[in-house]
Amino acid sequence: MTIPTISLRSTNLAQEVYEACTTSGFFYLEDHDIDAEKLGAWRASQELFLDETKEAIMQKNDSIDREGHTGYTALMHEKLDPSSPIKVGDLKESFYISPNALFGKKQRLPGIIQQYQEGLERLDADCIRVCLVLLQAFAQALKLDPDHFASKHHAEDDRLRLIHYPPASVAEGESGSIRAGSHSDYGSLTLLFQKTVSGLQVQTGTDMWADVPPKPGCLVVNVGDAMEFWSAGLFRSTQHRVVMPRNEAEAVSRFSIAYFCHPDSQALLEPLTKAGSAADDWKAVLQRKGIHALEPMTGGQHLSSRLRSTGL
Ligand SMILES: O=C(O)CCC(=O)C(=O)O
Ligand SMILES: [Fe+2]
């Protein structure tokens, strides 16, 4: 399966995203006008994760806010695939940033990356801009009012996540550990910046995975569970994972940045239409996601239940 590349400036955006979202649920996005390098986001990540001084470790631990789901998550703390027989958590560490700073509620960043606060806020704003254009394209693709989804998204639960997968040998990978276990994303859509190292894979069938390597100038966009619920399974919130190094080039530190766009906490995740076969499709989606209640959940309920199941 090839992952298509779509230009945010395409005059045929709705049709192109429809094709991608109803097949793999993944696409590369170009012409998005976000320069993570210029905004200092990669430097912030490197300084945050590669600084192992006592002071830096203390600042990272102090930043943890479990209730607000912001701040640092340590190596092996999260297990994205709770059903996996692997005993240890994922071989990654991360830092969650809430875009609330844009709405006057500042999250205090650790001193070692405070100088990047403005650039990271700008990155949040750029991601929100791109997400809104995509949400409008999703609505048009489904023949809805263009603001149908955008009106349910005010970024209150969105998170920017700086992620670091520490160096690991190829032999370690053979022991069964994983950098990020198989999972689908919980929100409406995700924008993913990959720096240089490969490892991300999308599931294309039972035990079949396709690589989604970094592509210069492109973000990776994928559909999340909320969009899958609303479209009764037509848009695919596909399982994906990050595998352990398979060669020397992947054995180094891997950096990525994800922007998780979530529906407003009160938004109901129910299918747009329950008529005809949509009702059965909806039940099939719930079953696939391991959700037993047939009552629609809110965006907030789905997010907390998924975060809890992964150890966060
Ligand atoms: O780091 C990556 O490339 C993917 C991470 C991911 O899928 C996630 O954090 O949800
Ligand atoms: Fe993901």
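In listed order, ligands and their atoms are each counted from 1.
Using a 4.0 Å cut-off between charged nitrogen and carboxylate oxygen, E172 and R179 do not count as a salt-bridge pair. Using a 4.0 Å cut-off between charged side-chain N and carboxylate O, R108 and D65 make no salt bridge. Taking a cutoff of 4.0 Å between a charged side-chain nitrogen and a carboxylate oxygen, K289 and D225 qualify as a salt bridge.
Ligand 1 lies within reach of H183, whose nearest heavy atom is under 4.0 Å from it. For the pair R241 and ligand 1, no heavy-atom separation below 4.0 Å is found.
The shortest N or O to N or O distance between R254 and ligand 1 is below 3.5 Å. Residue-to-ligand polar distances place D185 within reach of ligand 1: an N/O pair is separated by less than 3.5 Å.
D185 contributes OD1 as its N, O or S atom closest to the Fe ion (ligand 2).
The I163 neighbourhood of ligand 1 comprises atoms 9 (O), with distances under 4.0 Å to a heavy atom of that residue. Listed by atom number, the atoms of ligand 1 under 4.0 Å from V242 heavy atoms are 1 (O), 2 (C), 3 (O), 4 (C). In the vicinity of F260, heavy-atom distances shorter than 4.0 Å reach the ligand 1 atoms 8 (C), 9 (O), 10 (O). Counting atoms of ligand 1 from 1 in the listed order, those under 4.0 Å from a heavy atom of Y165 are 1 (O), 2 (C), 4 (C), 5 (C). The distance from ligand 1 to the heavy atoms of H240 drops below 4.0 Å at these ligand atoms: 7 (O).
For A258, no heavy-atom contact with ligand 1 is shorter than 4.0 Å. By the criterion of a heavy-atom distance under 4.0 Å, neither the backbone nor the side chain of L80 is placed next to ligand 1. For T190, no heavy-atom contact with ligand 1 is shorter than 4.0 Å.
In the model, E121 has a side-chain atom that pairs as donor or acceptor with a side-chain atom of Q117 under 3.5 Å. Defined by atom type and a distance below 3.5 Å, a donor-acceptor pair is present between the side-chain atoms of S10 and E16. The closest side-chain donor-acceptor pair between Q239 and S182 falls under 3.5 angstrom.
Atoms OG1 and CG, on T204 and D211 in that order, are 10.5 Å from each other to the nearest 0.5 Å.
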Would you sort out whether H154 and F103 count as a ring-ring contact (aromatic ring centres under 6.0 Å, His included), showing the intermediate values? CA-CA 10 Å; H154 294 87; F103 313 107; 8.9 Å; no

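The aromatic rings of F255 and H164 sit parallel to each other, their planes meeting at less than 30°, with 60° as the upper class boundary.
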